[in-house]
Q: 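Below you'll find the structure I mean.
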Amino acid sequence: MKLLTAKDLSLQNEGYFAFKHVAFSLYQDEIAYILGDNGSGKTQFLDTLVGLKSPDSGKIEITPKARFGYLPQINPEIITKTVKKYLHDVQALSGKLAVSDTQLKELVTYMGMTPYLDRSVQQLSLGLKQRVGFLAAVVGHPNILLLDEPFSFQNSEMITNMLDIIKDLRDNHSGIVIASTVQDDSIVSYFDSNYLLKDNSLIKVTSQNESTHYMLIFTIKSNTIALPSNLSQYLKVNVENLIELKVPRKLKDSIIKEMLELNYNFEGARVLEN
Amino acid sequence: MKIKFLVDNFLKLIFRDYLYLSLLFILLVIKFTIDSALGLSNLQKTEIFIILTFIIGLISGLNFFRNDQLYNRYVKQKINNYWLYISVQTVILLLMNILTAVLTFINTADWVLIILFTTSGFVGTEIAMILKLRFEKHPIIGQIGILILLYLSLSDSSSGTLYYVNWILPPISKMIVTLQDGHSLQALLPIAGQQFVYGIILFAISGVFYQKKFEK
């Protein structure tokens, strides 16, 4: 299901175009990655999508009752509250649809923020503020999550944890847009679609990665359930207790999850040459 | 919850850079020294304080909306309710004007004076609200606009060319002229009511005008 569509979107600031005639769509269960150099207009684009800037032309269509979560690149708000109070306030702003108290506690622990709960947000370092901002963006359990440079000032462990949370949201039918200046090969596999914002235009990158297929290898256990039809279409090998499925890259994670739920043992995956 | 969040945020915004407190302090210094320094009558003092509370409302309002633009860019997105956002802003600014009036006349406890000064300050803050974006994006035009509105607010519009556009001008000078005509303070209450309605109209106009900036 389409969550957000931008049609022929243009924005200019003081005579200079931030972006021109941009078309963009975000779907449920999708993580879209926008790569762009400094000053390429990523922040302006996300600000426009979230409604903080009015485009000069074009229009944005959003699915009714969509809830936004937004992590800005720099949040100028001076937050004198403690981390705990601030996150609880943001959670309360989102009402019943926000994550539960238990989930919030788990998220805080996962993002390594437990030791800082009683510290004022204003006093935290940039990296810790970024994590608080990230948590504030996700506690509302948004349908549409926009993240502007979410990985800045973070170590690789935190980046992985952030990506796990993002992936979890995607698996729960949210659509996520991540804008960043750098593209790290180690995280690119998390994204379902890649865009390049360059020369005021947004170009969808259909790299070789997009058409990559994986061979997923599973073994059968005594309590394994038979393959349902939606998975049997990917079946390539079925010998004794060995099952191999050829799946497109974007479905890899969800199929592994489904197979584990059917009590198959996941033995590994290999990339198939196109 | 949204209202509580906004009230907390906006109160901090008013007191963040001490401008409002400084203006309040200057007002109190003038109040306590004006008798010995100038020896003005009560009528003249009331006229001066009407102008001062109007100007304090205007300057504090401009500062409030400037801080709002600077610090609250992403708070608007979290709240996601434009009319609630600007309504709470207006209520908080009205409370700020009540505080100014109460602190200025706390020793007299004259509620009529408190109402008159509150509504005068309220007109000032609502003028700031309607000019907020002009002032931010086009500072020169914004400042010229403020000067023109200040001039029109304080000019005698009971005669001359301004008489014909009297109804559109901020009703500050009208209050002063009525006072000079020898009317009692109670007779100014309808004009205070007019000032309040004028402020609400400015709020509605600015609300509709800036809505596009807030929502898609």
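Below, read A as the first sequence line, B as the second, and so on, with proteins coming before strands; counting in each chain starts at 1.
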Q: Under a 4.5 Å cut-off applied to non-hydrogen side-chain atoms, are A:Asp89 and B:Met1 in contact?
A: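 Yes, side chains in contact.
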Q: How about A:Ile203: does its CD1 atom have over 12 heavy atoms from other parts shown lying under 6.0 Å from it?
A: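 Yes.
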Q: Under 6.0 Å from the NZ atom of B:Lys12, do we count more than 12 heavy atoms belonging to anything else shown?
A: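 More than 12 heavy atoms, drawn from other residues, nucleotides or ligands, come within 6.0 Å of this atom.
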Q: Below 4.5 Å from any heavy atom of chain B, which atoms of A:Ile74 appear? Answer side chain, backbone, both or neither.
A: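 It is the backbone, since no side chain atom gets that close.
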Q: Throw together a table of side-chain donor-acceptor distances under 3.5 angstrom for residues 35-43 of chain A, partners on residues two or more places apart or in other chains.
A:
residue: A:Ser40; atom: OG; partner: A:Asp37; partner atom: N; Å: 3.4
residue: A:Ser40; atom: OG; partner: A:Asp37; partner atom: O; Å: 2.6
residue: A:Lys42; atom: NZ; partner: A:Gly36; partner atom: O; Å: 2.9
residue: A:Lys42; atom: NZ; partner: A:Asp37; partner atom: O; Å: 3.1
residue: A:Thr43; atom: OG1; partner: A:Gln73; partner atom: OE1; Å: 3.0
residue: A:Thr43; atom: OG1; partner: A:Asp148; partner atom: OD2; Å: 2.7

Q: Taking non-hydrogen atoms and a cut-off under 4.5 angstrom, which of residues 91-100 of chain B neighbour chain A?
A: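 The list, in residue order, is empty: none.
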Q: Any heavy-atom pair between the side chains of A:Phe68 and B:Asn80 that's under 4.5 Å?
A: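 No - every pair of side-chain heavy atoms lies 4.5 Å or more apart.
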Q: Could you tell me whether A:Tyr116 atom OH has more than 12 heavy atoms of other residues or ligands within 6.0 Å of it?
A: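 Atom OH in A:Tyr116 is not crowded, with 12 or fewer foreign heavy atoms closer than 6.0 Å.
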Q: Tell me whether the count of non-hydrogen atoms from other residues, nucleotides or ligands lying under 6.0 Å of CZ in B:Phe25 goes above 12.
A: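 Not buried by this count: 12 neighbours or fewer within 6.0 Å.
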Q: Give every residue pair that meets the side-chain hydrogen bond (donor to acceptor under 3.5 Å, both in side chains) criterion with at least one member in residues 119-130 of chain A, sequence neighbours excluded.
A: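 Every side-chain hydrogen bond (donor to acceptor under 3.5 Å, both in side chains) pair that includes a residue of residues 119-130 of chain A, provided the two are not neighbours, is A:Gln130-A:Ser152.
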Q: Of all the heavy-atom pairs spanning A:Pro76 and B:Tyr71, show the shortest one and how long it is.
A: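 In this case the closest contact between A:Pro76 and B:Tyr71 is O-CD2, 3.3 Å.
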Q: Report, in residue-number order, which members of residues 79-86 of chain A are under 4.5 Å from chain B by heavy-atom distance.
A: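 Within residues 79-86 of chain A, the residues under 4.5 Å from chain B are A:Thr80, A:Lys81, A:Lys85, A:Tyr86.
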Q: Determine the minimum heavy-atom distance between B:Arg16 and A:Ile78, stating which atoms define it.
A: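 Closest pair (atom of B:Arg16, atom of A:Ile78, distance): NH2-O, 3.7 Å.
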Q: Out of A:Lys59, A:Arg67, A:Glu77, return the one with the most heavy atom pairs under 4.5 angstrom to chain B.
A: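 Sorted descending by pairs with chain B, the first entry is A:Glu77.
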